[in-house]
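As the structure is a computational prediction, the values presented were derived from the model and not from experiment. A, B, ... follow the sequence lines: proteins, then strands. Residue 1 opens every chain. We use all heavy atoms of the structure for the numbers below, so side chains are in, but hydrogens, waters and symmetry mates are not.
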There are 2 protein chains.
Amino acid sequence: MKWGELEDEPCSMARTIGVIGDRWTLLILRECFLRTRRFEGFQSSLGITRHLLAERLKKLVRQGVLRRIPYQDSPKRHEYILTQKGLDLYPIMMAIVHWGDTHMVDARGRPLLHQHRKCGKDFDPVMVCSECGEPLLAKEIHTHPGPGARRTPAPEKPKAKRETRAKTKAHRSAA
Amino acid sequence: MKWGELEDEPCSMARTIGVIGDRWTLLILRECFLRTRRFEGFQSSLGITRHLLAERLKKLVRQGVLRRIPYQDSPKRHEYILTQKGLDLYPIMMAIVHWGDTHMVDARGRPLLHQHRKCGKDFDPVMVCSECGEPLLAKEIHTHPGPGARRTPAPEKPKAKRETRAKTKAHRSAA
DNA sequence: TCTTACAGTTCTAAAACCGAACTGTCAATT
DNA sequence: AATTGACAGTTCGGTTTTAGAACTGTAAGA
């Protein structure tokens with residue numbers, strides 16, 4: 001599977017990964033949310049090579065995550081700002097940061113704190129159910145095919161094929 | 001910056017990206033949440049090369065995201081299951097899927113729906129503030145350095161240095 | 001005129017990835 | 001006893017991506 005093919009997969013996650021699923025893109029986006037807008041700004045704060053930065057920015061613009069806006073035209077210069085589609089990536093960023101805050105901090109503690117203007121407090125992001133408002137636990141979610149699912153889960157070979165998984169021989173008695 | 005160095009950055013996002021920030025790792029994790037546990041299972045559903053799969057699984061185990069558990073010992077065989085640290089990645093996965101559902105679906109609609117066992121309904125994940133429970137908007141969040149921040153934002157050169165950003169010459173009058 | 005800021009582009013070497021074949025253990029067949 | 005198949009990797013040659021550093025071009029300021 002090549003990078004370009006991800007966008008065509010019948011999976012929202014694969015498609016999203018096709019857009020933001022590489023290290024530099026995620027880091028560039030972080031900078032965007034921290035208000036960086038210009039080429040030099042990204043380059044110097046990330047240490048990304050100029051070549052790759054130019055490529056990634058182009059890709060993000062193509063995909064509608066960033067918009068390239070002129071801010072002067074003596075020598076034509078542009079800055080990159082998040083579109084609504086880009087701003088909507090915020091929950092992903094917060095979820096990533098929060099996991100890092102929980103599992104990857106050293107003894108010194110969190111590098112960055114987040115304050116919610118609405119209530120004035122430093123907060124953690126919590127993911128809840130849009131229907132009942134309860135926090136989501138992986139165990140309590142059941143996934144099922146939607147209208148855009150693949151045509152068939154492909155039974156492929158009608159030949160034996162033990163079964164999908166489990167039981168294969170996990171039922172052995174002694175050790 | 002090399003892959004290995006990301007973990008040492010004073011940024012929870014960079015550190016997290018060091019763990020899960022590549023295309024295959026994210027896809028492998030998706031499979032984990034969909035209950036895949038074994039090498040062949042990952043390989044056949046993802047189409048990843050066996051070489052890379054072996055590497056990624058090793059890395060995830062090293063990082064404590066997966067645990068490698070023997071399920072038989074005739075020929076020693078193991079399966080990979082999510083640790084608590086791994087399960088905690090769930091909000092990231094959901095946020096990614098949700099963005100894809102919102103911005104990357106074709107006319108047919110979502111490939112997958114998610115049902116919340118607690119309330120029985122198909123839902124969308126919503127990220128809210130842990131303190132006041134309100135949904136988080138990027139505009140309403142202010143970030144500030146925490147205890148684990150970098151020693152100094154490095155003033156570097158005391159020489160002129162116009163200013164950080166903006167105004168540079170954005171104040172031109174006509175077009 | 002010389003230097004600096006800014007936004008890229010070009011080029012070579014190094015690292016990562018792909019595809020396909022190969023290794024090794026054991027169970028079930030032939 | 002030899003063969004086949006499932007499973008979990010490992011090895012290897014060739015292709016892509018990245019890294020690193022230098023170069024291009026416009027315009028303002030000293």
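- A side-chain N or O of A:His144 and one of B:Asp122 form a donor-acceptor pair less than 3.5 Å apart.
- Spacing between atom CG of B:Asp22 and atom P of D:dT18 amounts to 11 Å, rounded to whole angstrom units.
- When rounded to the nearest whole Å, the span between CZ of B:Phe39 and C1' of D:dA6 equals 13 Å.
- Defined by atom type and a distance below 3.5 Å, a donor-acceptor pair is missing between the side-chain atoms of A:Glu131 and B:Gln115.
- Atom CG in A:Leu6 sits about 10 Å away from atom P in C:dC18, given to the nearest Å.
- The CD atom of B:Gln72 sits 11 Å away from the P atom of C:dA28 (whole-angstrom rounding).
- In this model, the phosphate group of D:dA19 is approached by a side-chain N or O of A:Trp24 to a distance below 4.0 Å at OP1 or OP2.
- Side-chain N or O atoms of B:Thr102 include one that pairs as donor or acceptor with a backbone N or O of B:His98 at under 3.5 Å.
- For A:Arg23, whose side chain is taken as the heavy atoms from C-beta onward, the closest listed nucleotide among D:dA8, D:dT18, C:dC17 is D:dT18.
- Rounded to a whole Å, the CD atom of B:Gln43 is 12 Å from the P atom of D:dC7.
- For the side chain to side chain donor-acceptor pair (under 3.5 Å) criterion with A:Glu79, the lone passing option out of A:Arg67, A:Arg38, A:Arg37, A:Gln72 is A:Arg38.
- Distances were taken from every side-chain heavy atom of A:Glu40 (C-beta onward) to each of D:dA19, C:dC6, C:dC26; the shortest belongs to C:dC6.
- Across residues 45-52 of chain A, A:Thr49, A:Arg50, A:Leu52 each have a non-hydrogen atom less than 4.0 Å from an atom of DNA chain D (numbered order).
- Picking from C:dA27, D:dT10, D:dA8 the nucleotide with the shortest atom distance to the side chain of B:Ala54 gives D:dT10.
- Side-chain polar atoms of A:Glu31 and A:Ser45 form a donor-acceptor pair below 3.5 angstrom.
- Side-chain N or O atoms of A:Thr83 include one that pairs as donor or acceptor with a backbone N or O of A:Gly64 at under 3.5 Å.
- Within the nucleic acid shown, B:Phe42 has no heavy atom closer than 4.0 Å to any nucleic acid atom.
- The interatomic distance linking A:Tyr71 (OH) with D:dA28 (C1') rounds to 13 Å, in whole Å.
- In this structure, A:Lys59 does not reach the D:dT17 phosphate: none of its side-chain N or O atoms is under 4.0 Å from OP1 or OP2.
- In this model, a donor atom of one side chain and an acceptor atom of the other lie less than 3.5 Å apart for A:Tyr80 and A:Arg68.
- Of the candidate nucleotides C:dC26, C:dC18, D:dG25, D:dG25 has the atom nearest to the side chain of A:Arg77.
- Phosphate proximity of C:dA16 to B:Arg56: absent, as no side-chain N or O sits under 4.0 Å from OP1 or OP2.
- The distance from atom CG of A:Asp73 to atom C1' of D:dA27 is 12 Å, rounded to the nearest whole Å.
- Of the listed nucleotides (D:dG9, D:dA8, C:dG8), D:dA8 has the atom at the smallest distance from the side chain of B:Arg38.
- Taking atom CD1 of residue A:Ile69 and atom P of nucleotide C:dA7, one finds them 14 Å apart after rounding to whole Å.
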